Amino acid sequence: MYTAHPDRYADMPYRRTGRSGLKLPALSLGLWQNFGPDRPAETQRAILRRAFDLGVTHFDLANNYGPPAGAAESALAEALRTDFAAYRDELIISTKAGYLMWPGPYGEQGSRKYMLASLDQSLGRMGLEYVDIFYSHRYDPETPLEETMGALHSAVQQGKALYVGISNYPAEQTREATRILSALGTPLLIHQPRYSMLDRRPEDEGLLDALDELQVGSIAYSPLEQGLLTARYLHGIPEGSRAASGSQFLNRDAVTEELVGKVRALDEIAKGRGQSLAQLALAWVLRGGRVTSALVGASSPQQIEDSVATIRNLDFDADELDRIDAIIKA
C-alpha cells in the first residue's frame with residue numbers, strides 16, 4: 001500500500017492563483033499523452049506517486065486525454081482508488097471539455113448540453129463526486145459566451161466543480177468571460193494557455209497582460225514544446241522520439257537545422273546555470289511570478305524528478321534573459 005512521503009511539502013513552492021485562496025504548486029502534472037492502455041499501468045502509478053511525494057499536488061486532465069479519449073481519466077480513477085483515496089483533500093484535480101468526444105452535434109465545442117454532459121462523463125470515469133477545476137477547453141465562436149460560461153457556473157452550483165477555468169481563449173474573449181462569470185458570482189480562477197520560450201503568443205497577443213489586470217491565475221501547457229526544449233533534439237531527430245513517430249503534435253518538419261542551433265545555444269545557457277535545458281525552459285516560464293504553475297508531462301518517475309529540480313533555481317538576471325531573447329529572435 002502506498003504511503004505518501006512525510007516531507008512532500010518541504011520544498012515545493014505554492015503560488016496563489018489570481019486573487020483566489022487556492023494555491024497551486026509551481027510544477028503541476030499533466031496527464032495529456034502518457035496515460036492510457038498503451039503504457040504500463042505500474043509506470044503510470046509510479047509517476048503519480050513520485051509526483052505527489054515531491055509536492056506536486058495538482059493533476060491536470062481533460063475529457064479527451066489518452067489515447068484513446070477518456071483513458072487518462074480512467075487511469076487516474078484506478079490510482080485514486082488504490083493509492084490516493086486517503087489523500088483526495090490534498091489534491092487538485094482538474095478536467096476540461098471542448099474537443100470532440102462523441103458523434104453528432106452535441107459531442108464537442110461549448111454548448112451547455114455538451115459541457116455538462118461531458119463533465120458528468122468525466123466524473124464517472126474518475127469515480128469522483130467533484131473536480132477542483134472545470135475548464136472550457138477552447139473558445140467556441142458559434143456558441144454565445146454567456147452559454148458556455150453559464151455552464152461552468154452551473155457546474156459549481158451543482159457541486160460538481162469547486163472552481164472554473166478556460167483554456168486557449170484569446171485575450172478579448174478572456175476579458176468577456178471574466179466579466180460574465182463575475183456577474184454570475186463564479187469568478188474565473190485560471191487560464192491555461194500554451195506558452196514557452198518558443199511560443200510567446202500569450203505575451204505578444206496581450207493575454208498575460210489581461211490576466212494580470214483581471215487578477216486571474218495562469219498555468220502554462222507545453223512549456224517544453226513537446227520535447228523540443230529538452231536534450232532530446234540537441235543533435236537532430238533521434239529514433240523513437242515524438243518527432244520521428246509522426247505525432248500530430250510534433251513532426252520532422254518542425255525540427256529544422258535553425259531550430260536545433262537555437263536549442264544548442266539555449267543548452268549552453270542552461271549549463272551555465274547548473275540546469276538541464278528542460279529545467280531552464282520551465283524556470284523561464286515561471287520567471288517573475290506571472291505564471292502560477294507550469295504543466296509538465298512525464299513518461300517515467302525520473303522525468304518528474306528532473307522537472308521538479310527546476311525549483312532550485314527560478315531566478316534570472318537581466319543578461320541571461322537578454323541572451324535567451326537574442327537566441328530565440330535571431
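Remember, it's a predicted structure, so these values are computed and weren't measured experimentally.
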Taking only residues two or more places apart in sequence, or in another chain, which ones meet Ser196 in a side chain to side chain donor-acceptor pair (under 3.5 Å)? Glu225
Which pairs count as salt bridge (Lys or Arg N to Asp or Glu O under 4.0 Å) when at least one residue sits in residues 200-218, sequence neighbours excluded? Arg175-Glu213, Asp199-Arg201, Arg200-Asp325, Glu203-Arg287, Asp209-Arg290, Asp212-Arg290
Closest approach of Ala26 to Leu286 (non-hydrogen atoms, all atoms of both residues): O-CD2, 3.6 Å
Filter on salt bridge (Lys or Arg N to Asp or Glu O under 4.0 Å), then keep only pairs touching residues 143-153, sequence neighbours left out; what's left? none
Charged N to carboxylate O under 4.0 angstrom, Arg264 versus Glu268? no
Side chains of Gln121 and Asn63: do they bring a donor and an acceptor to under 3.5 Å? no
Is it possible for you to check whether Arg50 lies under 6.0 Å from the centre of the six-membered ring of Tyr2, through NZ or CZ, and within 45° of that ring's axis? no
Taking only residues two or more places apart in sequence or in another chain, which ones pass salt bridge (charged side-chain N to carboxylate O under 4.0 Å, His left out) with Arg16? none
On the 0 to 90° scale, with breaks at 30° and 60°, tag the Tyr114-Trp102 ring pair as parallel, tilted or perpendicular. tilted
Tell me whether the rings of Trp284 and Tyr195 are parallel (<30°), tilted (30 to 60°) or perpendicular (>60°). tilted
Mind checking what makes salt bridge (charged side-chain N to carboxylate O under 4.0 Å, His left out) contact with Asp267, not counting sequence neighbours? Lys271
Should Ile327 and Leu266 count as side-chain neighbours, where that means a heavy-atom distance under 4.5 Å? yes
Take a 6.0 Å sphere around OH of Tyr9 and say whether it holds more than 12 heavy atoms from other residues, nucleotides or ligands. yes
Tell me which pairs pass salt bridge (Lys or Arg N to Asp or Glu O under 4.0 Å) where either residue lies in residues 55-73, with sequence neighbours left out. Asp60-Lys96, Glu73-Arg125
Is there a side-chain contact between Leu76 and Phe35, using heavy atoms and a 4.5 Å cut-off? no
Side chain to side chain, Leu162 and Ile133, heavy atoms closer than 4.5 Å: no
Please identify each residue that fulfils salt bridge (charged side-chain N to carboxylate O under 4.0 Å, His left out) with Glu90, with sequence neighbours left out. Arg8
Can you pull out every side-chain hydrogen bond (donor to acceptor under 3.5 Å, both in side chains) where at least one residue sits in residues 157-170? Sequence neighbours excluded, please. Asp120-Lys160, Ser136-Tyr169, Gln158-Lys160, Asn168-Tyr221
Validation row, ring centre Tyr87 to ring centre Phe52 under 6.0 Å: yes
Any residue meeting side chain to side chain donor-acceptor pair (under 3.5 Å) with Gln303, in chain and number order, not counting sequence neighbours: Ser299
Among residues at least two apart in sequence or on other chains, which ones pass salt bridge (charged side-chain N to carboxylate O under 4.0 Å, His left out) with Arg138? Glu108
Residues in side chain to side chain donor-acceptor pair (under 3.5 Å) with Glu176, at least two apart? Arg179
Might you point out which heavy atoms bring Ala294 and Leu282 nearest each other, and give the distance in Å? CB-CD2, 4.3 Å
Partner residues of Ser293 under the side chain to side chain donor-acceptor pair (under 3.5 Å) criterion, sequence neighbours left out: Ser28
Counting neighbours of CZ on Arg19 that are heavy atoms of other residues, nucleotides or ligands and sit closer than 6.0 Å, is the number greater than 12? no
Okay, side chain of Thr17, backbone of Leu22: is any donor-acceptor separation there less than 3.5 Å? yes
The side chain to side chain contact (heavy atoms under 4.5 Å, CB included) partner of Val285 among Leu224, Thr310, Val291 is Val291
Does the structure place the NZ or CZ of Arg323 under 6.0 Å from the centre of the six-membered ring of Phe316, at an angle of no more than 45° from the ring's axis? no
